[in-house]
Engineer: 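Encoded as C-alpha cells, here's the structure I'll be asking about.
Note that ligands are numbered from 1 as they come in the structure, with each ligand's atoms numbered from 1 the same way. Here the structure is a predicted model, which is why all the values come from computation and not from measurement.
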Amino acid sequence: MTDLIHMLRDWMPKQRWYSGGEGRAPQLTHLGSYVLANPNGEAGVHLVTVPCMLDSSGDVPVVYQVPIVLREVDARVPALGYIGSISNAAGRVSAVVDGPHDIAFAKALLALLEREGHATGAGGRSDIAAYGLPMPGAVVGSFVTSRVLSGEQSNTSIICEMRLPDGSDAPPLILKVFRMLHDGENPEVTLQSALTAAGSVRVPPAIGHLSGFWPDPRTSSGRASGNFVFAQEFLPGVEDAWRVALRAAETGDDFGDAAYTLGTATAEVHRTLRDVLPSVEATVPKVQAEVAAMRQRLDAAIAVAPSLERLRGAAEEVYARAADMNWPRLQRVHGDLHLGQVLAVEDRGWVFLDFEGEPLRSIEQRNTADAPQRDIAGILRSFDYVAGSLEMTTGRNVAGDWAARARQSFLNGYAAATSGESRVGRHTGAITLDGRAARRQSQDARGGDGAGASGVHLPMDSSGSQPLSAAEAAALIRVFELDKALYEVIYEASQRPAWLRIPVRAVQRILA
Ligand SMILES: Nc1ncnc2c1ncn2[C@@H]1O[C@H](COP(=O)(O)OP(=O)(O)O)[C@@H](O)[C@H]1O
Ligand SMILES: O=P(O)(O)O[C@H]1O[C@H](CO)[C@@H](O[C@H]2O[C@H](CO)[C@@H](O)[C@H](O)[C@H]2O)[C@H](O)[C@H]1O
C-alpha cells in the first residue's frame with residue numbers, strides 16, 4: 001500500500017478532479033478499499049479495487065475514491081489510464097491502471113448493479129463495503145465496450161456500449177464515478193432516481209447506483225455512508241442548450257420558442273420533484289438561514305473581487321428585504337441549473353443533467369429543500385453568460401437584446417406552465433425551434449399581461465400553496481440572480497479568471 005500511496009501522491013494532482021490543483025501535493029491516508037470481483041475472469045487482471053483516500057493537505061479534508069485495476073504488465077494495459085507499476089510481497093509486478101479507463105472496472109460495476117451484488121472490504125475488513133442498487137425494472141444488457149467521457153471536471157464518467165440478449169443494441173449507459181465521497185446521499189442520485197421512478201422524461205432514465213460505507217475521520221462517528229457511482233442511460237449525439245443558445249445568439253436566430261419550452265420543461269421538473277419528494281414550509285428560521293448563506297456568499301465574493309465592496313450596502317438592502325418577503329414552499333430543485341446542464345434531445349425535448357448542486361456548497365446544503373427561483377435564476381444568468389461570452393470574443397455587445405428576449409420567453413414559459421395556462425404534458429418540453437404552436441403559446445403568454453419593469457408576468461409559486469404575486473415572484477428571482485452572480489464571481493475567480501467580468505458586471509447591474 002505504501003508504494004501505491006506514493007504513486008497516487010504524484011498522479012492525483014494531475015487529475016482534473018483533484019480539488020487541490022496541480023500545485024498542491026496531497027497528504028494521503030488510506031481509509032480502506034472495497035474490492036470488486038473480476039467479471040468473467042477477465043484475462044490478465046490481478047485485482048479490481050477501490051481505495052478510499054483521505055487527503056489532509058487542504059483547509060478542508062477531502063475523501064476521494066480512486067478505483068484502480070492491477071493488471072499483468074503486458075500490451076493489454078490501456079495506455080490512457082496507466083498510472084505506474086508496483087510489486088506485491090511475492091514479487092509479482094502489476095501495472096496500475098486508473099479504473100475508469102479499464103474495461104475490467106466497468107464490467108465489474110455493471111455486474112454489481114445487475115445482480116444487486118456487493119463488494120466487501122479488502123483484507124476481510126467489515127468497515128467498508130459497496131452495494132449495487134438497480135432501479136426496479138432497469139435493463140442493463142451485456143457489456144460491449146467502454147470509454148471515458150472527456151472534458152469532465154469533478155467526476156469521471158464511463159460510457160458503456162451495451163447489447164440486449166437478442167444481439168441488438170441496448171441503450172448505452174453512463175457510469176458517473178463520484179471522485180469525492182460525502183457522508184449522505186448525493187442529490188444526483190436522489191433526484192434523478194426520483195424523477196425516473198415518477199416516469200419523467202426530463203432526465204435520462206436512471207439505471208441504478210453503487211452505494212456503501214467507509215471509515216471517515218471527518219464524521220463524529222468515524223463512519224460515513226453515501227453514493228459511489230450513479231448509472232443512467234447515455235443519450236448519444238446530442239447538444240447541450242449552451243451550444244444551441246450560443247449558436248442562435250451568434251447568428252441572431254430567434255431563441256424565443258426554445259427558451260419558452262425550456263421554461264415549461266423546468267416547471268415540469270419542479271412540479272414532479274415537489275410531487276414525489278418532501279417539501280417544507282418556508283418558515284422564518286428557514287428563510288433566515290437561506291439569507292444568511294447569501295450574506296456569506298457576498299463576503300466570499302468580495303474577498304475575491306474587492307471592487308464589489310462598494311456595492312455591499314446595496315446587496316445588504318436586497319437581503320434585508322428578502323428576509324421579509326413571501327417565499328414559496330421549499331422543495332428539492334436542481335440546484336446548479338444552467339444551459340450546459342440541459343440537453344436538446346430530438347423527439348423528447350429538453351432533458352436535464354447533473355443534479356449534484358453547486359460544487360461550492362456543502363452536501364447538507366445541496367440536500368436541503370430550496371426555492372425553485374434558484375433554478376429560474378440559474379437559467380437567466382446563463383442567457384447573460386451567452387451575451388457576455390460573445391461580447392468577450394467580438395468586443396461588442398452583440399447579443400444583449402437576444403438575451404433579454406430569451407429571458408422573457410423563458411419566464412413566460414415557466415409562468416404559463418405553473419399557472420396552468422399551457423397544458424404541460426409529457427411532451428410540452430419538445431424543442432419546437434420553428435414550432436408554430438409553441439410560438440402561439442409564447443405570444444399568448446406575452447400578450448394580455450400586466451408585466452412591470454421586471455418583465456415577470458405571472459405568479460410563479462410552484463408549491464400549490466398561496467401563490468406569490470407577480471411582483472413577489474420577480475423580487476425573489478432578483479434576489480436569487482444576485483446570489484447566483486456572486487456564486488459565479490467566486491467560481492470564475494478560481495476556475496476561469498478571464499470570465500470573471502461577466503458575473504461582476506451582472507452584480508453591478510442587478511444592484512444598480
Ligand atoms: N446521460 C447523459 N447523456 C448524454 N450526455 C451526458 C449524459 N450525462 C452526462 N453527459 C455529458 O457529460 C457532460 C458532463 O456531465 P455532468 O453530469 O454535467 O458531469 P460533471 O458533474 O462532472 O460536470 C454533460 O455536459 C453532457 O455533455
Ligand atoms: O461544472 P458544473 O456544470 O457543475 O457547473 C460549474 O461550471 C459552470 C461552467 O462550466 C458554471 O456555469 C457558469 O458558466 C456557464 C458557461 O460556461 C454559464 O452557462 C452558467 O450560467 C454560469 O453559471 C457553473 O456556475 C458552475 O457551478
Engineer: Between Gln341, His338, Glu492, which one has a non-hydrogen atom sitting closest to atom 24 (C) of ligand 2?
Structural biologist: His338
Engineer: If the cut-off is 4.0 Å to any non-hydrogen atom of Glu356, which atoms of ligand 1 fall inside it?
Structural biologist: 21 (O)
Engineer: For atom 25 (O) of ligand 1, which protein heavy atom lies nearest, and how many Å away is it?
Structural biologist: Gly340 O, 3.8 Å
Engineer: Considering only protein heavy atoms, which is closest to atom 15 (O) of ligand 1, and at what distance to one decimal place?
Structural biologist: Glu152 OE2, 4.0 Å
Engineer: Is the number of heavy atoms from other residues, nucleotides or ligands under 6.0 Å of Arg24 CZ greater than 12?
Structural biologist: yes
Engineer: For atom 6 (C) of ligand 1, which protein heavy atom lies nearest, and how many Å away is it?
Structural biologist: Phe234 CE1, 3.6 Å
Engineer: Could a heavy atom of Ile174 be found less than 4.0 Å from some atom of ligand 1?
Structural biologist: yes
Engineer: Kindly indicate whether the side chain of Val66, heavy atoms from C-beta on, has any atom under 4.5 Å from the side chain of Val50.
Structural biologist: no
Engineer: Using heavy atoms and a 4.0 Å limit, tell me yes or no: is Gly340 in contact with ligand 2?
Structural biologist: no
Engineer: Hey, what's the ring geometry for Trp402 with Phe255, parallel, tilted or perpendicular (30° and 60° as the breaks)?
Structural biologist: tilted
Engineer: Is the closest side-chain heavy-atom distance between Glu290 and Trp327 below 4.5 Å?
Structural biologist: yes
Engineer: Return the orientation label for the Trp242 and Tyr385 ring planes: parallel under 30°, perpendicular over 60°, tilted otherwise.
Structural biologist: perpendicular
Engineer: Report, in ascending order of atom number, the atoms of ligand 2 lying under 4.0 Å from any heavy atom of Trp242.
Structural biologist: 16 (C), 19 (O)
Engineer: Looking only at the aromatic ring of each residue, does the gap between the centers of Trp11 and Tyr64 stay below 6.0 angstrom?
Structural biologist: no
Engineer: Return yes when atom CZ of Arg115 has more than 12 non-hydrogen atoms of other residues, nucleotides or ligands closer than 6.0 Å, and no otherwise.
Structural biologist: no
Engineer: Does the distance from a Lys or Arg side-chain N to an Asp or Glu carboxylate O, for Arg509 and Asp384, drop under 4.0 Å?
Structural biologist: yes
Engineer: So which heavy atom in the protein is nearest atom 18 (O) of ligand 1, and how far is it from that ligand atom?
Structural biologist: Asp354 OD2, 2.9 Å
Engineer: Heavy-atom distance under 4.5 Å between the side chains of Thr264 and Glu268, does that happen here?
Structural biologist: no
Engineer: With side chains defined as the heavy atoms from C-beta onward, is the minimum distance between Asn227 and Glu185 less than 4.5 Å?
Structural biologist: yes
Engineer: Side chain, backbone, both or neither: which part of Asp384 has a heavy atom under 4.0 Å from ligand 2?
Structural biologist: neither
Engineer: Are Pro26 and Pro13 side-chain neighbours, meaning at least one heavy-atom pair lies under 4.5 Å?
Structural biologist: yes
Engineer: Check each atom of ligand 1 against the heavy atoms of Asn155 and keep those under 4.0 Å away; list them by number with element.
Structural biologist: 21 (O), 22 (O)
Engineer: Is Arg496 near ligand 2, meaning one of its heavy atoms is under 4.0 Å from it?
Structural biologist: yes
Engineer: Could you go step by step and tell me if Val351 and Val201 meet the side chain to side chain contact (heavy atoms under 4.5 Å, CB included) rule?
Structural biologist: CA-CA 7 Å; Val351 171; Val201 296; over 6 Å; no
Engineer: Which atoms of ligand 1 have any heavy atom of Gln232 under 4.0 Å away?
Structural biologist: 1 (N), 8 (N)
Engineer: Starting from atom 1 (O) of ligand 2, locate the nearest protein heavy atom and write down its residue, its atom name and how far away it is, to 0.1 Å.
Structural biologist: Tyr491 OH, 4.4 Å
Engineer: Less than 4.5 Å apart, side chain to side chain, heavy atoms only: is that true for Leu339 and Leu262?
Structural biologist: yes
Engineer: Considering only protein heavy atoms, which is closest to atom 4 (C) of ligand 1, and at what distance to one decimal place?
Structural biologist: Leu235 O, 3.2 Å
Engineer: Please state which protein non-hydrogen atom is closest to atom 12 (O) of ligand 1 and give its distance, to 0.1 Å?
Structural biologist: Leu149 CD2, 3.0 Å
Engineer: Heavy atom under 4.0 Å from ligand 2: found in Pro359's side chain, backbone, both, or neither?
Structural biologist: side chain
Engineer: With heavy atoms of Lys176 as the reference, note each atom of ligand 1 found under 4.0 Å away.
Structural biologist: 16 (P), 17 (O), 19 (O), 20 (P), 21 (O)
Engineer: Under a 4.0 angstrom heavy-atom cut-off, which atoms of ligand 2 come close to Tyr487?
Structural biologist: 25 (O), 26 (C), 27 (O)
Engineer: N/O to N/O below 3.5 Å, does that happen between Asp336 and ligand 2?
Structural biologist: yes
Engineer: With heavy-atom distances below 4.0 Å as the criterion, list the atoms of ligand 2 near Asp354.
Structural biologist: 3 (O), 4 (O)
Engineer: Once the angle between the rings of Tyr487 and Tyr491 is folded into 0 to 90°, is it parallel (under 30°), tilted (30 to 60°) or perpendicular (over 60°)?
Structural biologist: parallel
Engineer: Considering only the protein, which heavy-atom contact is closest to atom 19 (O) of ligand 2, and what is its distance?
Structural biologist: Ser382 OG, 2.7 Å
Engineer: At a non-hydrogen distance cut-off of under 4.0 Å, which region of Leu353 contacts ligand 1 (side chain, backbone, both, or neither)?
Structural biologist: side chain
Engineer: In terms of atom number and element, which parts of ligand 1 are under 4.0 angstrom from non-hydrogen atoms of Glu233?
Structural biologist: 1 (N), 2 (C)
Engineer: Check ligand 1 against Pro204 and write out every atom of the ligand that is under 4.0 Å from a heavy-atom position of the residue.
Structural biologist: 1 (N)
Engineer: Is the shortest side-chain heavy-atom distance between Val269 and His334 below 4.5 Å?
Structural biologist: no
Engineer: Among all protein non-hydrogen atoms, which one is nearest to atom 22 (C) of ligand 2, and what is the separation to 0.1 Å?
Structural biologist: Glu488 OE2, 3.4 Å
Engineer: Under a 4.0 angstrom heavy-atom cut-off, which atoms of ligand 1 come close to Leu343?
Structural biologist: 3 (N), 4 (C), 5 (N)
Engineer: Please could you name the atoms of ligand 1 that Gln341 approaches to less than 4.0 Å, counting only its heavy atoms?
Structural biologist: 18 (O)
Engineer: Regarding Glu488 and Arg381, does a basic nitrogen lie under 4.0 Å from an acidic carboxylate oxygen?
Structural biologist: yes
